[in-house]
Student: 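Got a structure for you, questions after.
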Protein chains: 2
Amino acid sequence: MPTPRKTIAIDMDEVIADALSEHLLRYNRDFHPDPTTTPLTRADLHGRWLWDAVPPARLPDLERYMLSEDFFRVLPVMPDAQRVLRRLQSRYDIFIASAAMEVPSSFTAKYDWLAEHFPFIPTSHIVFCGDKSILRADFLIDDNPRQLRLFESSNDPNDTTAQPHREGILYTSPANVKLTGFRRVNNWLDVETLFLP
Amino acid sequence: MPTPRKTIAIDMDEVIADALSEHLLRYNRDFHPDPTTTPLTRADLHGRWLWDAVPPARLPDLERYMLSEDFFRVLPVMPDAQRVLRRLQSRYDIFIASAAMEVPSSFTAKYDWLAEHFPFIPTSHIVFCGDKSILRADFLIDDNPRQLRLFESSNDPNDTTAQPHREGILYTSPANVKLTGFRRVNNWLDVETLFLP
């Protein structure tokens, strides 16, 4: 009997979509319009989330950017994501799984963004969810350690059968660089090497 | 060690939301406005989907109803669904899982409908998906046999361990009354008896 194909679930923001760049762009446009001031950069976010790197008074601005209708529609695609995902599809069942329930106003923009940049992913393989423990997949590639823990939470530590366990794979973002405990990929070339050796 | 809570995924249309009634209402309003003609009723749908019960020329109208902005926002709630789901939450992890990707214009209406009628379901436990094989749950309650088969497809027939298998449970709708091969519930009182004996 042939081995069944493994399933890989793939997060959107900071994994295939570069939301952080768009956030920094809008933030610096509003708060560092003068080129003589120092803008906020990725280097400032080493080991912390964007939300922890701006003055508390500006948190509503970060949220306002995300809630604007076009935010998730204009995000740049992560380098090599399209080419590698297309290759992965030949050997794995691929699902895109975004925690879109956290920003319900993003549904349509995210759907349209996927249709434009990843037309080879069938819409039946798109999942908008909240808690990623609901995903039945062998792997989840995500930048958010909370979601990776939820995804792995249904692994039974007493299960000694050959049934393979679910593995969360951490996609590097500035906020998670110091984190340990997960296999890590730094970019899509790493994903390619890991799954298509 | 306490037994981990089982997870139940619950479909929306025809399980907690009465989309068929709204479809019949709009259809009869447009095509049987005269009370002397015979309207289309649930009895006409015995063993067939609505799409197979109307003249082909009227299929675009059925689609038009679904694509209208308010369709999924005004659906009646299935009797006893709220009370029983609230009770189930005390013993099970409950996720609402709709194949909303088939009608992307429905995202916001479905989200708002759940917020109104099922405010006790956290938004993190809502899933908009396509192919329900992606759901990690012990049970899926759905009226659509295709989704139940997809959900059960990852069961390994050679697996003889105690690891419990995933079970699709068929929620009765006029279209599926003749179908066998799944445990069946006819209404939410049946669900209550099955899971909270």
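The structure displayed is predicted, hence computed values, not measured ones. All chains are named by letter (A, B, ...) in the order of the sequence lines, taking the proteins before the strands, and each is independently numbered beginning at 1.
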Student: Is Y111(A) close to chain B through its backbone or its side chain, or both, or neither, when contacts mean heavy atoms under 4.5 Å?
Tutor: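 Y111(A) touches chain B through side-chain heavy atoms alone.
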
Student: Determine yes or no for a side-chain-to-main-chain donor-acceptor pair under 3.5 angstrom, with N176(B) supplying the side chain and L179(B) the backbone.
Tutor: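 Checked: no pair found.
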
Student: Is it the case that more than 12 heavy atoms not belonging to E116(A) sit under 6.0 Å from its CD atom?
Tutor: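 Yes, because the 6.0 Å sphere around CD of E116(A) holds more than 12 heavy atoms from other groups.
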
Student: Side chains of D131(A) and F95(B): closer than 4.5 Å at any heavy-atom pair?
Tutor: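 Yes - at least one pair of side-chain heavy atoms lies under 4.5 Å apart.
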
Student: So which of A100(A), P104(A), C129(A) has the biggest tally of heavy-atom pairs under 4.5 Å with chain B?
Tutor: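 Highest number of pairs under 4.5 Å: P104(A).
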
Student: Heavy-atom distance under 4.5 Å to chain B: side chain of S105(A), backbone, both or neither?
Tutor: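 S105(A) has no heavy atom closer than 4.5 Å to chain B.
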
Student: Among S133(A), A137(A), A97(A), which residue forms the greatest number of heavy-atom pairs with chain B at distances under 4.5 Å?
Tutor: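 Heavy-atom pairs under 4.5 Å are most numerous for S133(A).
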
Student: Which pair of heavy atoms, one from M101(A) and one from F107(A), lies closest together, and at what distance?
Tutor: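 Closest pair (atom of M101(A), atom of F107(A), distance): SD-CZ, 3.8 Å.
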
